[in-house]
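Everything numeric in this text was worked out from a predicted model, so none of it was measured. In what follows, every heavy atom counts, from backbone to side chain, and hydrogens, waters and symmetry copies are set aside. When a residue number appears, it is its place in the shown sequence, counting from 1.
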Amino acid sequence: MAAPDPSIPTLDQAETASIHSIEKPDDTIPRAIAENAELITSKGNIITKDGTLISTVQSDSSLFTNVFADPEVRDYYKELYEDAQYECRHAFDAEATWTQEEEKKVIRRLDWHVCLWACVMFFSLQIDRGNLGQAVSGTFLKDLNLTTNDYNWGNTVFLVSFLLAELPSQLISKKLGPDRWIPMQMCLWSIVAMSQAALKGRAGFLATRALLAMLEGGFIPDLVLWLSYFYTSRELPIRLSFFWTALSVTDIITSLLAFGIFHMHGLAGMAGWRWLFLLEGLITFLLGVASFFLMPASAVQTKTWFRPKGWFTDRELTIVVNRVLRDDPRKGDMHNRQAITPKRLWSALKDYDLWPIYAIGLICFVPQSPVKYYLTLSLRQLGFSTLNVQLLVIPAAVTHIITLLGITWISERVNQRALVAVWQSIWTLPCCIALYTWPGLIVNKWGTYALLTVLLSYPYCHAINVAWTSTNSNNVGSRSVSAALYNMMVQCGGIIGANIYRDDDKPLYKRGNRNIIVINLLAIVLFLFAKAYYVTKNKIRDRKWNAMTPEERIIYMKTTTDTASRRLDFRFAH
């Protein structure tokens, strides 16, 4: 096997800076190449058509820590940011330096103001889309004359509507700015959530589920896009793990809330589940209003009439903006009020190299879905009271936080995606088999509860997959669309999961549990396939690249129409 070519960046380099290195040929670059080039600097550095910086080995090594060390590169991007009307362009400083301690202080400030509030907003989403599971532990189905199949239909309508709204919401967010669109979404869906307290029957139930999902669709990729404005590509995955940790924290908090709210059953002639929808919807509405004030459009827009000092000093602002641009100069080629064009959308849709991750998103969360959807109903079937059910779901949520943070940390530590994320499916497989084969299911009350708790404590790999999708997109425009496409696949998987347990299969759901075993095995196969696919793809590109002369590489990089992950000099994370 040929030795690794120094012209190919390591994965660490590829994820921390948009800069490649090639060996510069001894002779002068041909005029034809120079005429077709976006930019070839006097030092021999090249900027490709899609904004990637290629450095020659003769050039200043400081470019690997500051891509703007070459004055011509600096001037190119400065003009690009002006043309794009990039909102942080006034804080761009190619010569700025800072210490590691200063950067750590800035990151802590970002975590306090940006990451923490992102988690709070995700908490708001999870309250209103997840409290149906708590409502059915009370008299919800009985009061509305609904069957468990109707409950499945409600979940299905929600997921289909959420799916259909995902990409349009992402496009609206990119046009209006997530700082405007996300708070609007939160306030609107909260009004719908509160209106569920007045439900009378099946039609109203399905209508509110559809409307709720249409307003919530796209919220997750919108919020991830907002986070990417403040964090580098290496910092984003662990922040995403905090983001999805909020899901389990929400389960804990809302379970405690529901425990208290269900004590209001009968107050003012209203059932406990009606109070649940009304009060929790009010909470999320207030969080939505607060988000208008706590969610700035960018780092340079934190100073307002109600926050005159802003979040950062001038010195800190310089660090915040320039560290992100040095990580990826292309983050300034679109301002945060610029819509994604149909061309960018089509480019992301036809990028088949991301399809293995999309397939994983479709399948890997299905085996846990029916167990999660039916957890409160199952616990009620085991004989636990409505109030005790709210407390019994907490242990799984707590363990879920630990395993989620653990698997994400391990993934970053060993720089592996597929071989770490697959442990989610390895964890759940024996539990799924036990659900199908164990004769003590339901008969053994506490044994069944323990089995369900262990299954739902699985190490959640969603944060790994989202970051994986972002890394392999290799472009800020396609990255936002690919995030939406991945989440759409997850929603499709949720639709499958919502219809595995059927009314004619209860109480043991033998058919459904047999199906989730098969799907769980398929998920393991998909993780291993993705690993093999990206390793093979990288080797093929290595072979092609190594066969090219230095001059041929320059010709390719200056004349190719390949962009983002399609480039021959890009290597996939796996």
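In this structure, Asp128 has no salt bridge (Lys or Arg N to Asp or Glu O under 4.0 Å) partners at least two apart in sequence or on a different chain. When the salt bridge (Lys or Arg N to Asp or Glu O under 4.0 Å) test is applied to Lys531, no partner is found at least two apart in sequence or on another chain. By the salt bridge (Lys or Arg N to Asp or Glu O under 4.0 Å) test, Lys445 is found to be paired with no residue, residues two or more places apart in sequence or in another chain being considered. Take Gln134 and apply the side-chain hydrogen bond (donor to acceptor under 3.5 Å, both in side chains) test, not counting sequence neighbours, and it matches Thr254. Listed by chain and residue number, nothing satisfies the side-chain hydrogen bond (donor to acceptor under 3.5 Å, both in side chains) test with Thr437 (two or more places apart in sequence, or in another chain). Annotation: side-chain hydrogen bond (donor to acceptor under 3.5 Å, both in side chains) contacts of Trp153 (sequence neighbours excluded): none. Every residue meeting the salt bridge (Lys or Arg N to Asp or Glu O under 4.0 Å) condition with Arg511, not counting sequence neighbours, appears here in chain and number order: Asp504. Annotation: side-chain contact (heavy atoms from CB on, under 4.5 Å) contacts of Val420 (sequence neighbours excluded): Ile407, Ile410, Ser411, Val414, Gln416, Ile464. Scored by the ring-ring contact (aromatic ring centres under 6.0 Å, His included) test, Phe162 finds Phe158 as partners (sequence neighbours excluded).
The stretch residues 514-527 participates, sequence neighbours left out, in these side chain to side chain donor-acceptor pair (under 3.5 Å) pairs: Thr428-Asn520.
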List, one per line, each side-chain donor-acceptor pair under 3.5 Å for residues 451-459, sequence neighbours excluded.
residue	atom	partner	partner atom	Å
Thr453	OG1	Tyr449	O	2.9
Ser457	OG	Thr453	O	2.6

Which side-chain N or O atoms in residues 206-221 pair as donor and acceptor under 3.5 Å with protein atoms at least two apart or in another chain?
residue	atom	partner	partner atom	Å
Thr208	OG1	Gly204	O	3.0
Thr208	OG1	Phe205	O	3.0
Arg209	NH1	Gln196	OE1	3.1

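Few gaps surround CH2 on Trp181; more than 12 heavy atoms of other groups in view lie less than 6.0 Å from it.
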